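Here is the structure we will look at.
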Amino acid sequence: MRWSQALIPTHKEDPADAETVSHRLMLRAGLIRKLTSGVYNYLPLGWRAIRKVEQIVREEMDRAGCQEILMPIASPAELWMETGRWDVYGKELWRVQDRNGRQFVLGPTHEEVVTDIVRNEVRSYRELPFTLYQIQTKFRDEVRPRFGVVRAREFIMKDAYSFHRDEASLDETYRALCDAYTRIFDRLDLNFRAVEAATGAIGGSASHEFMVLSDTGESEVIVCECGYAATSERAEGKIAPPPTGEEERPLERVDTPGMKTIEEVSAFLGVEPWRLVKTIIYEADGRPVATLIRGDREVNEAKLGLALAADIVQPATSETIEKVTGAPVGFAGPVGLEGIEIIADHTVEPLTSVVVGGNENDVHLTNVRPGRDFRVTAFHDIALIAKGDSCAKCGKELDSFRGIEVSQAFKLGTKYSTSMKATFLDEDGEAKPFIMGCYGLGVSRTVAAIIEQHNDKDGIAWPLAAAPLAVEVLAVNVKSDETRRVAEEIYESLRAAGVEVLYDDRDDRPGAKFKDADLVGLPLRVTVGDRGLERGVVEVRVRRTGEQTDVPTDGAAGEIQRILGTLT
RNA sequence: CGGGGCGUGGCGCAGCCCGGUUAGCGCGCCUGCUUUGGGAGCAGGAAGUCGGAGGUUCAAAUCCUCUCGCCCCGACCA
């Protein structure tokens with residue numbers, strides 16, 4: 001690839017609307033361009049990186065015995081109605097109509113479609129187990145696209161689906177695919193961690209996510225030195241109880257003008273946040289529910305959903321809150337709250353004197369005694385576990401880190417096969433629903449994650465496995481005949497040897513070309529210029545270490561390949 | 001969806017409050033000369049319906065209304 005003829009539009013300055021390192025660098029190095037919010041063009045270098053990752057994914061999936069297929073992007077709404085996800089998936093489901101007004105879905109994932117294939121084609125337990133996968137563009141109409149391709153509305157995903165006659169078989173494939181993921185991310189030189197995860201809208205019993213460690217990651221992972229690791233939504237732990245046993249005092253009504261948040265109220269009244277009890281109104285599958293939790297803690301909506309056996313749990317709208325509590329948002333409280341379930345977290349149980357909202361504008365209640373002043377419908381564990389709590393497994397203090405979720409594996413069980421009546425005949429002659437697993441891996445997101453972990457102040461520093469090309473040959477001054485002759489020769493020799501080379505043959509200032517080379521960040525840079533040629537050498541520089549060696553011009557291509565072989 | 005902010009040559013921005021000549025600046029781009037090992041210098045040049053629509057006014061980038069787009073913070077997920 002000759003730079004002078006390639007579309008590699010680099011930028012000297014940072015784009016204004018990019019926040020994270022990977023997003024900035026992908027734009028600056030000319031990998032991607034935004035078409036519209038959350039939708040990107042992949043330019044030559046970006047697309048090459050995507051294909052590198054895809055290839056590794058493909059190799060490892062194939063090695064694990066999976067079969068690649070390709071399903072349509074658009075699928076008919078009826079399929080999604082069968083499983084109920086037409087409603088449950090919500091606004092994220094990207095819906096389109098054909099000319100006749102028939103509704104379609106642009107696939108965010110393909111459980112429905114793959115299950116439809118299998119129910120039509122597979123009859124017998126003798127054909128099980130097997131795993132199908134595809135690498136394809138997916139659509140999710142995200143509420144808030146951000147961080148470039150990390151959270152895009154259109155993105156590239158590898159999705160795999162396994163079909164089994166029993167749990168044991170599912171377990172085996174599940175483990176094999178988690179191993180495949182480990183190999184993939186190892187090969188991509190990522191610092192990652194497999195963690196236990198909650199099962200979201202996709203459903204199912206067990207789940208793991210693979211997290212690439214990054215401070216800009218959107219996910220929080222709770223970890224313990226005993227080896228326990230889980231997403232914060234999933235994490236189990238023990239929350240230290242506060243001191244209790246205050247003297248019993250009569251309930252008191254206090255004016256708290258405009259004090260809506262825990263911080264405001266606790267600062268205003270001069271009490272610790274844990275002495276407050278937050279009342280948060282949720283809507284669980286449409287019905288309002290009040291939740292109580294200690295003021296210094298957050299509600300875990302996944303746990304709340306489990307406790308209520310609800311598919312969709314979301315914070316209530318302000319209209320609902322006002323209707324339920326009779327007060328504007330910010331002043332909800334459990335005292336005198338009628339006609340609604342009140343679910344309290346266990347953290348509330350030992351408290352003896354707390355501050356709560358007064359269900360009246362600008363009013364809170366103090367010296368409130370749970371049991372005396374209000375009742376709850378039930379206590380549940382609905383608190384989000386955080387760094388500093390103790391591990392449910394070993395009791396040690398939990399730590400946390402942030403990560404980018406690059407893949408997730410689910411044991412789906414029969415959730416989809418049952419609702420879609422996808423069955424096979426088992427040995428005993430009985431029709432049984434397929435037991436399924438599904439395994440997603442965000443390809444475009446993984447490229448961003450790689451950049452997030454492999455960069456420095458000058459730009460991207462690609463690991464060889466994901467690099468768009470392996471080597472950049474940089475001609476310092478193309479007006480010098482000797483420089484051009486040697487650079488061309490090395491370029492052609494490397495290409496002939498099957499090495500992917502970017503040849504910077506642009507008639508530009510050396511400084512600009514060096515800056516671009518660092519920005520684009522190919523693993524090896526071969527500098528061809530008068531300074532080296534006078535001594536009969538070209539300079540080979542490793543992007544990630546800065547290590548530089550002089551290589552004799554004669555036979556340079558061979559030596560460059562040798563050095564390439566030492567890189568990861 | 002709630003909160004905050006921004007739309008002005010390809011990119012980054014100023015101008016807007018307090019309407020008033022040819023709408024500026026840096027980078028980039030084109031031409032020429034000089035220059036050539038870490039984003040060059042000089043000279044010349046091209047490029048903007050000031051996001052869109054409506055309104056106020058003698059006059060609108062600037063004021064008003066509506067609208068579209070984009071970004072950031074929170075709830076969702078590969």
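Quantities reported herein were computed from a predicted structural model and do not represent experimental measurements. By convention in this document, chain letters (A, B, ...) are assigned in the order of the sequence lines, proteins followed by strands, and residues within each chain are numbered from 1.
Across every strand in view, B:rG7 sits in a pair with B:rC68 that passes the Watson-Crick or G-U test at under 3.5 angstrom.
Near-neighbour residues of RNA chain B inside residues 30-45 of chain A, defined by a heavy atom below 4.0 Å, number-ordered: A:K34, A:T36, A:S37.
Listed by chain and residue number, nothing satisfies the ring-ring contact (aromatic ring centres under 6.0 Å, His included) test with A:W3 (two or more places apart in sequence, or in another chain). In this structure, A:Y439 has no ring-ring contact (aromatic ring centres under 6.0 Å, His included) partners at least two apart in sequence or on a different chain. For A:D87, there are no side-chain contact (heavy atoms from CB on, under 4.5 Å) partners two or more places apart in sequence or in a different chain. Not counting sequence neighbours, the partners of A:F139 by the ring-ring contact (aromatic ring centres under 6.0 Å, His included) test are A:W94. Taking the side-chain contact (heavy atoms from CB on, under 4.5 Å) definition, one finds that A:Q314 meets it with A:I312, sequence neighbours left out. Under the rule for a side-chain contact (heavy atoms from CB on, under 4.5 Å), A:R531 has no partner lying at least two apart in sequence or in another chain. Checked against ring-ring contact (aromatic ring centres under 6.0 Å, His included), A:Y282 has no partners two or more places apart in sequence or in another chain.
In this structure, the CD atom of A:E92 is 14 Å from the P atom of B:rA75, given to the nearest Å.
Residue pairs satisfying the salt bridge (charged side-chain N to carboxylate O under 4.0 Å, His left out) criterion with at least one member in residues 517-527 of chain A, sequence neighbours excluded, are listed as follows: A:D518-A:R525.
Positionally, the nearest nucleotide of RNA chain B for A:A18 lies more toward the 5' end than for the other of A:A18 and A:M157.
Nucleic acid contact class of A:A152 (heavy atoms, under 4.0 Å, all strands): base. Within 4.0 Å (heavy atoms only), A:V443 reaches no atom of the nucleic acid at all. A:E19 comes within 4.0 angstrom of the backbone, heavy atoms only, and of no base.
Within the structure, every side-chain polar atom (N or O) of A:R146 is placed at least 4.0 Å from both OP1 and OP2 of B:rC77. Between A:Q408 and B:rA78 there is a side-chain polar atom (N or O) within less than 4.0 angstrom of OP1 or OP2.
Looking at every heavy atom in both residues, A:Y181 comes nearest to A:G440 through OH-O, 3.2 Å.
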Between protein and nucleic acid, restricted to nucleotides 2-8 of chain B and to nitrogen or oxygen atoms under 3.5 Å apart, what atom pairs and distances do you find?
none

Could I get a table of every N or O pair under 3.5 Å where one atom is in the protein and the other is in nucleotides 32-39 of chain B?
| unit_1 | atom_1 | unit_2 | atom_2 | d |
| --- | --- | --- | --- | --- |
| B:rU35 | O2 | A:R509 | NH1 | 2.6 |
| B:rU36 | O4 | A:K479 | NZ | 3.3 |
| B:rG37 | O2' | A:R531 | NH1 | 2.9 |
| B:rG37 | O2' | A:R531 | NH2 | 2.0 |
| B:rG37 | O6 | A:G529 | O | 3.3 |
| B:rG37 | O6 | A:R531 | N | 3.3 |
| B:rG37 | O6 | A:G532 | N | 3.1 |
| B:rG37 | N1 | A:E539 | OE1 | 2.9 |
| B:rG37 | N1 | A:E539 | OE2 | 3.0 |
| B:rG37 | N2 | A:E539 | OE1 | 2.2 |
| B:rG38 | O6 | A:R525 | NH1 | 3.2 |
| B:rG38 | O6 | A:R525 | NH2 | 2.9 |
| B:rG38 | N1 | A:D518 | OD2 | 2.9 |
| B:rG38 | N2 | A:F514 | O | 3.4 |
| B:rG38 | N2 | A:D518 | OD2 | 2.1 |
| B:rG39 | O4' | A:A512 | N | 3.4 |
| B:rG39 | O2' | A:K12 | NZ | 2.6 |
| B:rG39 | N1 | A:D516 | OD1 | 3.3 |

Throw together a table of side-chain donor-acceptor distances under 3.5 angstrom for residues 14-25 of chain A, partners on residues two or more places apart or in other chains.
| unit_1 | atom_1 | unit_2 | atom_2 | d |
| --- | --- | --- | --- | --- |
| A:D17 | OD2 | A:K34 | NZ | 3.3 |
| A:S22 | OG | A:E452 | OE1 | 2.6 |
| A:H23 | ND1 | A:G148 | N | 3.3 |
| A:H23 | NE2 | A:Y40 | OH | 3.4 |
| A:R24 | NH1 | A:E19 | O | 3.0 |

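In this structure a side-chain-to-backbone donor-acceptor pair under 3.5 Å is present from A:Y161 to A:H110.
At a cut-off of 3.5 angstrom, the base of B:rC77 holds no donor-acceptor pair with the side chain of A:R140.
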